[in-house]
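Below is one structure, written out as structure tokens; the observations come after it.
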There are 2 protein chains.
Amino acid sequence: MDRPSGTARRAPLSRERVLRAAVAYADGAGIDALSMRGLAQELGVVPMALYKHVANKDELLDGLVDAVLAEIAPPVVDGTWKAAVRERILSARQVLLRHPWAARVITSRAAPTPGALAYLDSVIGTLRGGGLSVDLAHHAMHALGSRVLGFTQELVPTGVGTTPGAETGAGAGAGTTADSGGEVGGDGGGGDPAAAGMRELAARYPHIAAVVADRTHDGASVVGAGCDDQFEFEFALDLLLEGIERLHRQGWTSATAGRA
Amino acid sequence: MDRPSGTARRAPLSRERVLRAAVAYADGAGIDALSMRGLAQELGVVPMALYKHVANKDELLDGLVDAVLAEIAPPVVDGTWKAAVRERILSARQVLLRHPWAARVITSRAAPTPGALAYLDSVIGTLRGGGLSVDLAHHAMHALGSRVLGFTQELVPTGVGTTPGAETGAGAGAGTTADSGGEVGGDGGGGDPAAAGMRELAARYPHIAAVVADRTHDGASVVGAGCDDQFEFEFALDLLLEGIERLHRQGWTSATAGRA
DNA sequence: ACCTGAACACCGTTCAAGT
DNA sequence: ACCTGAACACCGTTCAAGT
């Protein structure tokens, strides 16, 4: 009768239970499918019951943000500031990979949540602990931007931030514009449709095609799927961290920068 | 009677007219207020009439994206690749400042639009024209990420990407969490509320407070409002561009990098 | 005092009925 | 063949009526 863990069907609703259910719901069905009514049904409760624990949907989303941010590993204390920040940010990225909807929810918030501020404060603390000036730490945080939260900020949507149902959208959509007058390959059944798409891509976007062709040499097969997200993330992160480290060594200040 | 320009009330609907009206609508009322029904009313037309020119709302949003991207200035042809890319990206940023809703709409698209691909292709072309390898150009685009489209990717929402109604949200929201047990300043009418908020900020987020305090020395007055967005954008952009240039000079390839 | 059903003012989109 | 009103299946949230 009494099962302390698991999904107790009639446990009294609490803000934490509401948030936990909402995270699970978003993980499973996507953030667009998360509605107050649907969440209430999932909890076996009338919609209005939720409003006892969250003021409205915006506050629910704020709660989701902080629930996700709480999963980011605490900072490591030994080693350089650079290694510590690097590791923390890579941890944040893992959290975002677990909750693909989180990036969009975080960016949709009008004001930063308490959890976001706490995380931000902690990262600045690591920079300061490494000897960076307040000035440089400030601009470093701006430069890292949402990357500090694990955001990839892809130019084309692949990986974090992509909606679940759009796996092959980039490849197929590339050559399929509404105004394409004369078809190249046709759909009669002749050649490989992927090869035909590749030909149209090359005609329309030669430089993108060159990149894709270069990538397909080593391993990848499908258009746009050849990018190693983890490598790209670390590439950009290291570009920024090394630039910041260089400025730090040079005793950079915003006053001496090319600010005019 | 016949006024060729301006808002002709009974001009035959066209896809372009629909998109122009939608951009104006979003500019004026915000993207959240843009609905098919509302847009139809704005155009003096029954909702279903729109579906003759856009398949559905998603296609309307795709159209908005390309309409905005078309405003980005064409690339300059003389000078270094670095200067050309820098200028182009700063132009993209100006476009996004004109249409604060655009960043969120662009990131919400499941697949890249034709206009996004064309812009992407063009920027890669500039990098290649400057002598960068396909390999480096590829990773450079990833590193620049959506910044290439003018995205600021702020950690805390100020400027581009912020919804119109949240001007002072960051400052006021910082010290106002739901679980704040004992109030520091109270609201009886005693001290400066800004100073009280600052005191609570300092207690809760000391490193953020230090940054804010450092900023308020030169000019700024309100919490969080002291950041020069343009400076921060160029700071991050130059950090990346200079890092990429350094790799280019060193003959960097992803094979020789610390890829394991 | 607490909880909740019905209602309000919206959505995007389908579909059948009008011309 | 074209256009469009009504309808469908949803939303978040208010509010008054129930216990």
Side-chain angles (χ1 to χ4, degrees), chain A residues 8-19 21-26 28-65 101 104-105 108-111 113 163-166 169 178, chain B residues 8-19 21-26 28-65 101 104-105 108-111 113 163-166 169 178:
Chain A
R9 221 172 291 176
R10 280 281 123 170
L13 220 52
S14 69
R15 183 181 161 90
E16 198 187 312
R17 220 164 79 81
V18 168
L19 290 178
V23 168
Y25 199 107
I31 192 68
D32 289 335
L34 178 69
S35 69
M36 298 296 279
R37 294 169 115 112
L39 178 60
Q41 195 176 327
E42 192 79 5
L43 285 160
V45 130
V46 81
M48 288 316 299
L50 298 176
Y51 287 81
K52 270 277 125 65
H53 304 97
V54 290
N56 48 40
K57 192 177 183 184
D58 266 333
E59 201 190 283
L60 174 73
L61 294 176
D62 280 344
L64 289 193
V65 168
W101 47 268
R104 218 197 312 169
V105 174
S108 77
R109 302 297 77 210
T113 62
T163 55
Chain B
R9 220 171 293 178
R10 281 280 124 172
L13 220 50
S14 69
R15 183 180 162 91
E16 198 187 313
R17 219 164 81 81
V18 168
L19 290 178
V23 169
Y25 199 108
I31 193 68
D32 289 335
L34 178 69
S35 68
M36 297 296 279
R37 293 168 116 111
L39 179 59
Q41 194 177 327
E42 193 79 4
L43 285 160
V45 129
V46 81
M48 289 315 300
L50 298 177
Y51 287 80
K52 271 277 126 62
H53 304 97
V54 290
N56 48 40
K57 194 179 182 182
D58 266 333
E59 201 190 283
L60 174 74
L61 294 176
D62 281 344
L64 289 194
V65 169
W101 47 269
R104 201 162 9 133
V105 174
S108 76
R109 300 298 79 210
T113 63
T163 55

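Chain letters run A, B, ... following the sequence lines, proteins first and then strands; every chain starts at 1.
- In the set C/dA6, D/dG12, C/dG12, C/dA6 carries the atom at the smallest distance from any side-chain atom of A/Met48.
- Per the geometry, OH belonging to A/Tyr51 stands 15 Å off P belonging to C/dG5, to the nearest Å.
- Rounded to whole Å, the distance from CG on B/Leu50 to P on D/dG5 is 13 Å.
- Listed for the A/Arg109 side chain is a donor-acceptor partner under 3.5 Å among the backbone atoms of A/Asp58.
- The backbone N or O of A/Val65 sits nowhere less than 3.5 Å from a side-chain atom of A/Asp62 that would complete a donor-acceptor pair.
- Protein atom CD of B/Gln41 is 15 Å distant from nucleotide atom P of D/dT4, rounded to whole Å.
- Residue contacts shown for A/Met36 are limited to sugar-phosphate atoms, with no base heavy atom under 4.0 Å away.
- B/Leu43 places its CG atom 13 Å from the P atom of D/dT4, with the value rounded to the nearest Å.
- We find that NZ of B/Lys57 is positioned 9 Å from P of C/dC11, with the value rounded to whole Å.
- When Watson-Crick and G-U wobble pairs are counted only if both distances are under 3.5 Å, C/dA7 pairs with D/dT13.
- Atom name C1', nucleotides C/dA1 and D/dA17: the rounded distance is 14 Å, in whole Å.
- Taking CG of B/Leu64 as the start and OH of B/Tyr25 as the end, the distance is 12.5 Å to the nearest 0.5 Å.
- Interatomic distance, NZ of B/Lys57 versus CG of B/Leu50, reported as 11.5 Å (0.5 Å rounding).
- Separating the CG atom of B/Asp32 from the P atom of C/dC11 is a distance of 12 Å, rounded to the nearest angstrom.
- Under the Watson-Crick or G-U wobble criterion, with both distances below 3.5 Å, D/dC2 is paired with C/dG18.
- Nucleotides D/dT13 and C/dT13 place their C1' atoms 23 Å apart, quoted to the nearest Å.
- In this entry the distance linking CG of A/Asn56 with P of C/dC10 reads 18 Å, nearest Å.
- The backbone N or O of A/Leu13 sits less than 3.5 Å from a side-chain atom of A/His53, completing a donor-acceptor pair.
- The distance between atom CZ of B/Arg37 and atom P of D/dC10, rounded to the nearest whole Å, is 15 Å.
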